[in-house]
Each structure stands twice: as C-alpha cells, then as structure tokens.
Participant: 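Can you keep this structure in mind? I'll have questions shortly.
In this text the structure is predicted, and so the values were computed from the model without any measurement. Only heavy atoms go into these numbers, but all of them, side chains included; no hydrogens, no water, no symmetry mates. Note that the numbering runs from 1 along the sequence shown for the chain. Every number for a ligand or one of its atoms is a count from 1 in the order of the listing.
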Amino acid sequence: MSEVAVLGAGFVGLSSAYWLMRDGHHVTLFDALGPGEGTSFGNAGTFANYGCIPVNNPAVFRNLPRFLFSPTSPLRIRWRYLPQLAPWLARFLCASMPRRYEHSAQALASLLSRAFDGYREMLESDDLSRFVRPRECLYLYSNAASFDAAQPSLALRRSLGVRFENFDRAGIAALEPNLAPIFAHGTLFNDSWFLSDPRGFLQTLHAALLASGLRHQRVAVRTLVPGANSVRIVDEAGCSYDAAQAVVCAGAFSGRFARQCGDRVPLDTERGYHVRFPGTSSLISRPCGWAERGFYMVPMDGGIRAAGTVELGGYGPQRNAALLDLITRSARHALPQLPQPDSDWLGFRPSLPDGLPVVGASSASPRVVYAFGHQHLGVTLGGVTGSVVADLVAGRVPPVDLEPYSPRRF
Ligand SMILES: Cc1cc2nc3c(=O)[nH]c(=O)nc-3n(C[C@H](O)[C@H](O)[C@H](O)COP(=O)(O)OP(=O)(O)OC[C@H]3O[C@@H](n4cnc5c(N)ncnc54)[C@H](O)[C@@H]3O)c2cc1C
C-alpha cells in the first residue's frame with residue numbers, strides 16, 4: 001500500500017482519507033486549518049440527495065431581472081469582480097440552456113443516487129451517527145406563482161428518481177406549527193436528512209482517522225510537482241514532502257493545483273452566508289428552505305442556522321451586509337419568535353460553471369487525482385466522492401461513469 005497525500009480537510013478531503021485508509025494506504029492530510037474549518041464549517045448541513053437541479057438552469061434567464069435588481073434576490077454579483085468573473089459567467093449562462101442543464105442534472109443525479117453509499121459504513125459508528133437527524137427537508141414557496149414555476153424542475157427531479165410529497169398551507173402548519181402562515185405550498189423530500197453540527201461530524205471523523213494512523217501536516221501547500229515515481233508537495237514555507245499519489249480536495253482553492261498539473265479548470269466560487277439564532281432549535285424540527293429567498297433554516301446544535309444565498313464576487317473576506325440582512329429579516333419573518341442572531345459566517349462554495357464537480361486524474365500524471373467543485377452539495381457528495389477517489393488510486397473502475405466530471409471537459 002502506498003503513501004497518499006490528501007490536500008484539504010473538508011467533507012471531500014476527510015471522506016477521501018477515510019476511503020483511502022480503508023484500502024490500507026498511509027495517508028497524510030495537508031491543511032493549515034483544522035477539520036471542517038473551511039466551507040465545510042458553516043453550510044446548511046443537509047444531506048440533499050434531491051439536489052440534482054444545478055443553479056445553472058433555464059429559470060436563470062427568466063429570473064435575471066429579479067436577480068439583478070430586486071432587494072429580496074438571493075443571488076448577487078459584486079460588480080467590481082465582473083471582469084474576472086466574465087468568462088465563468090458566460091460559461092454558466094451557456095450551461096443554463098435546456099440541453100446542457102439536463103445533462104448536468106442527470107450527471108448530478110447519478111452521483112446523488114449513490115451518495116448514501118459513501119456514508120453508510122461511516123455511520124455505523126455511534127460517534128458519527130449521533131450527528132445525523134433523520135428529518136426530511138421541506139422547501140417552502142410563499143406564492144402559487146413560484147410553486148408553479150418550480151414544476152418543471154420538480155418534474156425533472158421525479159424523472160431522475162427523486163421522491164417527494166407536496167403540501168398546502170394547512171399541511172405545512174401540521175408539519176411545522178411555528179412557521180408563520182406565509183407559505184402557500186411546500187415540498188418534502190423523502191429520505192433526506194441533516195447533520196446537527198457539520199464541523200462536529202468532521203472533527204469526530206478526523207479524530208477517529210488520527211487514531212487509526214492518519215497524519216495531519218498543519219501547513220498550506222504551495223506547489224504540487226508530479227514526477228515519474230512520486231509527487232512532490234511543497235508547502236508555503238518551502239518544505240517538501242513526497243508521496244506516491246496526491247489527491248486535491250482544497251475546495252474553492254483547488255484551481256492553482258490543477259494549473260500546476262496541466263489543467264485549466266474554470267473553478268470560481270459562489271459565496272454563501274449564514275446567521276445563527278442561539279438557543280432556538282426547538283422551533284422547527286427539520287431544514288426548512290425558503291425557495292424564493294434561497295436559504296434554509298436548520299435546527300442545529302446551538303440554534304437555528306439560516307444559511308444560503310449566492311454571491312458571485314470572488315475570494316475576498318468582505319461580507320455583504322445586504323445579504324446578511326436579507327437572510328436575517330427573512331428568517332425572522334418566517335419564524336417570528338426568532339431573536340437577533342449572535343453570529344454570522346461567509347463561505348466559499350467551489351463551483352464550476354456547469355454545476356458539476358471535477359473528479360478524475362490530472363493531465364500531467366495519474367498520480368494526481370482531483371476531487372473538488374462540489375458547489376452546493378459537498379456535504380451530500382463528500383462520502384461518495386471519497387469512495388471514487390479510493391477506486392482511482394487503487395486502479396479500480398468506479399461504479400459511476402466519470403466522463404461528465406472530467407477536468408478536461410471544458
Ligand atoms: C451557505 C452554504 C450552505 C451550504 N449548504 C449545503 C448543504 O446543506 N448540503 C450540502 O451538501 N452542501 C452544502 N453547501 C456546500 C458545501 O458546504 C461545500 O460544497 C463543501 O463544504 C465543500 O467541501 P470541500 O471539502 O470541497 O471544501 P472545504 O470544506 O472548503 O475544504 C477545503 C479545505 O482545503 C483547505 N485548503 C485550501 N487551500 C489549501 C492549500 N493551499 N493547502 C492545503 N489545504 C488547503 C482549506 O483550508 C479547507 O479546509 C453549502 C455551502 C454554503 C456556502
């Protein structure tokens with residue numbers, strides 16, 4: 001068995017480490033941060049096995065005026081970032097054409113149908129399964145027009161094997177009595193669930209892997225240099241490490257490693273936010289997503305986390321006060337008992353313009369495997385991606401056709 005370096009300690013990196021160690025490899029994790037401190041920290045924690053409708057979908061064209069000009073739009077662009085964003089945005093709009101979008105939806109559905117297999121065995125451990133809340137996710141629509149507009153995507157989900165039930169106002173009140181009666185329609189996605197503390201889950205997994213021999217180098221990697229017999233990993237301080245193989249799971253920050261290994265992959269970021277309302281988790285029993293406002297309210301350990309929105313605006317640390325305000329006001333409108341939030345967070349979803357991740361070997365060498373770009377679905381798809389990574393490293397044929405996720409598809 002070989003030495004494998006895994007870059008990144010998020011859902012994708014730690015799941016990859018899990019599956020690689022299960023095959024008997026010696027794994028070294030490289031990340032200056034602790035487990036689940038990147039984008040894997042502040043997400044909505046939903047196991048969204050129904051999430052096969054990418055953000056690049058034909059509704060984008062219809063919704064464009066609202067996205068650009070409405071104060072309640074959950075999608076914003078930082079105009080100063082537009083020059084850098086333009087090539088990504090052009091590809092994103094092309095990928096939103098009906099045929100391209102259906103291709104992305106099918107490819108996502110193929111991975112999503114195996115998503116639970118990626119976690120099944122991990123969740124046999126009581127330490128990890130204690131974070132799982134088996135409550136299905138509820139999408140909410142405040143008016144009939146948006147529910148009607150969602151019908152084509154719901155029909156596509158159904159045709160791709162997603163099971164769901166629709167509810168009217170009275171049905172929503174029976175499911176979640178503390179919600180204000182402002183939602184005309186709801187959709188409950190069968191077999192979905194959520195994590196009560198995504199970082200807690202990853203910290204626990206990380207501790208179990210350390211106990212089984214995982215090493216964690218707390219450094220940021222600067223360069224990957226694939227050679228004939230090994231891969232050289234150079235950290236920001238200039239120290240070098242050698243491994244037989246390397247797996248790039250650095251989320252939204254993976255693009256530079258792809259370039260170093262011969263692939264120009266149009267990776268950018270969809271920034272997303274959360275606010276936390278402390279001590280309020282008993283108000284709802286499940287993730288409630290307000291469809292028109294683009295965020296979920298999730299009863300996590302420590303309080304309801306209201307998480308979501310999309311801001312196309314690069315990697316800077318400045319937070320968008322208008323989006324944080326939109327999430328806060330919308331959550332308090334939906335759940336009038338909510339107090340003021342006590343904290344907020346900004347995260348960087350790793351996103352390719354066609355909404356599909358990159359999973360596969362680099363052009364420079366089969367010794368470097370990519371696993372990044374899981375956009376809105378990294379929690380859900382981390383496990384199955386890790387198992388595919390282990391297949392690639394072992395030279396096994398994975399159970400999914402990897403062509404749609406190829407780094408060379410652009
Ligand atoms: C608001 C919001 C809500 C979301 N809700 C959900 C949800 O409900 N369900 C779902 O499935 N997904 C959700 N997501 C998406 C999900 O959070 C991401 O897809 C996922 O966290 C990506 O995981 P990752 O392991 O690829 O990246 P990350 O978690 O970002 O991990 C990457 C790691 O790489 C490290 N790294 C970066 N650069 C280097 C370097 N040079 N050297 C070494 N290490 C490096 C970072 O420190 C980081 O720890 C949401 C995202 C957001 C923003």
Participant: Assess, by modelled atom type and distance only, whether the side chains of S146 and N143 contain a donor and an acceptor separated by less than 3.5 Å.
Facilitator: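 The answer is yes; a qualifying pair exists.
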Participant: For atom 41 (N) of ligand 1, grab the closest protein heavy atom and report residue, atom and distance to one decimal in Å.
Facilitator: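 Its nearest protein heavy-atom neighbour is V221 O, 2.9 Å.
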Participant: Using a plain distance cutoff, I'd like to know if V12 has any nitrogen or oxygen under 3.5 Å from a nitrogen or oxygen of ligand 1.
Facilitator: yes
Participant: R264: which residues meet the salt bridge (charged side-chain N to carboxylate O under 4.0 Å, His left out) condition with it, sequence neighbours left out?
Facilitator: none
Participant: Check A44 against ligand 1 and report side chain, backbone, both or neither, counting heavy atoms closer than 4.0 Å.
Facilitator: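 Both backbone and side chain.
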Participant: How close does the nearest protein non-hydrogen atom get to atom 44 (N) of ligand 1, and which residue and atom is it?
Facilitator: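 Nearest protein contact, heavy atoms only, for atom 44 (N) of ligand 1 is F30 O, 3.5 Å.
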Participant: Can you say whether the rings of F92 and W88 are parallel (under 30°), tilted (30 to 60°) or perpendicular (over 60°)?
Facilitator: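 Plane angle under 30°, so parallel.
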Participant: To check your reading of the model: name the closest protein heavy atom to atom 29 (O) of ligand 1, its residue, and the distance in Å.
Facilitator: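 Checking every protein heavy atom, the shortest distance to atom 29 (O) of ligand 1 gives S40 OG, 2.5 Å.
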Participant: Determine, step by step, whether E236 and R256 satisfy the salt bridge (Lys or Arg N to Asp or Glu O under 4.0 Å) criterion, reporting the C-alpha distance in whole Å, the side-chain angles of both residues, the deciding distance to 0.1 Å, and the verdict.
Facilitator: CA-CA 13 Å; E236 290 291 359; R256 67 195 281 196; 3.5 Å; yes
Participant: Is it the side chain, the backbone, both or neither of A252 that has a heavy atom closer than 4.0 Å to ligand 1?
Facilitator: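 Near ligand 1, A252 shows nothing, with every heavy atom at 4.0 Å or more.
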Participant: Output yes when the distance from some N or O of ligand 1 to some N or O of A307 is under 3.5 Å, and no in every other case.
Facilitator: no
Participant: For atom 30 (O) of ligand 1, what is the nearest protein heavy atom, given as residue, atom name and distance?
Facilitator: T39 N, 3.1 Å
Participant: Check whether the ring centres of Y315 and F253 lie less than 6.0 Å apart, and answer yes or no.
Facilitator: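 Distance test on ring centres: under 6.0 Å, yes.
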Participant: Report, in ascending order of atom number, the atoms of ligand 1 lying under 4.0 Å from any heavy atom of F11.
Facilitator: 25 (O)
Participant: Are any of the N/O atoms in G272 less than 3.5 Å from those in ligand 1?
Facilitator: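 So ligand 1 has no N or O lying under 3.5 Å from an N or O of G272.
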Participant: Against heavy atoms of F253, which atoms of ligand 1 measure under 4.0 Å?
Facilitator: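 Taking each heavy atom of F253 in turn, ligand 1 has 37 (C), 38 (N) under 4.0 Å.
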Participant: Are any of the N/O atoms in G378 less than 3.5 Å from those in ligand 1?
Facilitator: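 Yes: some nitrogen or oxygen of G378 is under 3.5 Å from one in ligand 1.
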Participant: Quick one: which ligand 1 atoms are inside 4.0 Å of a heavy atom on Y273?
Facilitator: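 In order of number, 1 (C).
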Participant: Is F41 in contact with ligand 1, taking contact as a heavy-atom separation below 4.0 Å?
Facilitator: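 F41 does not count as a contact of ligand 1 under the 4.0 Å cut-off.
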Participant: Which atoms of ligand 1 have any heavy atom of A220 under 4.0 Å away?
Facilitator: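 Matching atoms, with element in brackets: 42 (N).
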Participant: Among F147, Y50, F183, find the residue that satisfies the ring pair (Phe, Tyr, Trp, His ring centres under 6.0 Å) test when tested with Y139.
Facilitator: Y50
Participant: Which heavy atom of the protein is the closest neighbour of atom 36 (N) of ligand 1, given with residue, atom name and distance?
Facilitator: A250 CB, 3.9 Å
Participant: Out of H374, H376, Q375, R349, whose heavy atom is nearest to atom 18 (C) of ligand 1?
Facilitator: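 Selected option, by shortest heavy-atom distance: Q375.
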Participant: Among all protein non-hydrogen atoms, which one is nearest to atom 9 (N) of ligand 1, and what is the separation to 0.1 Å?
Facilitator: T46 O, 2.9 Å
Participant: When you compare the side chains of T187 and N166, does any donor N or O come within less than 3.5 Å of an acceptor on the partner?
Facilitator: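 Checked: T187/N166 side chains pair up, N/O donor to acceptor below 3.5 Å.
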Participant: Just to be sure I'm reading this right: ignoring hydrogens, which of V219, T223, T380, L381 gets closest to atom 11 (O) of ligand 1? Compare them by their nearest heavy atoms.
Facilitator: T380
Participant: Classify the ring geometry between F11 and F201 as parallel (under 30°), tilted (30 to 60°) or perpendicular (over 60°).
Facilitator: parallel
Participant: Report yes if the side chains of F41 and H274 come closer than 4.5 Å at any heavy-atom pair, otherwise no.
Facilitator: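 When only atoms from C-beta onward are counted, H274 and F41 do touch, with a gap below 4.5 Å.
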Participant: At less than 4.0 angstrom from any non-hydrogen atom of G308, what atoms of ligand 1 do you find?
Facilitator: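 Answer, ordered by atom number: 1 (C).
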Participant: Is a donor from one side chain sitting under 3.5 angstrom from an acceptor on the other, for E124 and S129?
Facilitator: no
Participant: Using 30° and 60° as the class boundaries, would you call the ring planes of W193 and F47 parallel, tilted or perpendicular?
Facilitator: parallel
Participant: What's the shortest distance from atom 50 (C) of ligand 1 to any protein heavy atom, and which residue and atom give it?
Facilitator: N43 CB, 3.3 Å
Participant: Please check whether G42 reaches ligand 1 - meaning an N/O of the residue sits under 3.5 Å from an N/O of the ligand, judged on distance alone.
Facilitator: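 Checking ligand 1 against G42, no N or O pair falls under 3.5 Å apart.
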Participant: Decide, yes or no, whether a salt bridge links D23 with R396 under the criterion of side-chain N to carboxylate O below 4.0 Å.
Facilitator: yes
Participant: Where's the contact between F295 and ligand 1, heavy-atom distance under 4.0 Å: side chain, backbone, both or neither?
Facilitator: neither
Participant: Would you say the side-chain atoms of Q217 and D235 include a donor-acceptor pair closer than 3.5 Å?
Facilitator: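 Note: Q217 and D235 side chains miss the donor-acceptor criterion.
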Participant: Less than 4.0 Å is my threshold; does some heavy atom of L7 fall inside it relative to ligand 1?
Facilitator: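 It does not, in that no heavy atom of L7 comes within the 4.0 Å cut-off of ligand 1.
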Participant: Considering only protein heavy atoms, which is closest to atom 48 (C) of ligand 1, and at what distance to one decimal place?
Facilitator: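 Closest protein heavy atom to atom 48 (C) of ligand 1: D31 OD2, 3.3 Å.
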Participant: Are any of the side-chain nitrogens in E3 or R215 under 4.0 Å away from the carboxylate oxygens of its partner?
Facilitator: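 Answer for the salt bridge query: yes.
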Participant: Does some non-hydrogen atom of F372 fall short of 4.0 Å from ligand 1?
Facilitator: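 It does not; every heavy atom stays at 4.0 Å or beyond.
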Participant: Judging by distance only, is a nitrogen or oxygen of E270 under 3.5 angstrom from one on ligand 1?
Facilitator: no
Participant: Side-chain donor-acceptor pair under 3.5 Å between D263 and S363, yes or no?
Facilitator: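 Short answer, yes.
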Participant: Return yes when A48 approaches ligand 1 closer than 4.0 angstrom through a heavy atom, no otherwise.
Facilitator: no
Participant: Thinking salt bridges, do D354 and R100 make one under a 4.0 Å N-O criterion?
Facilitator: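 Salt bridge: no.
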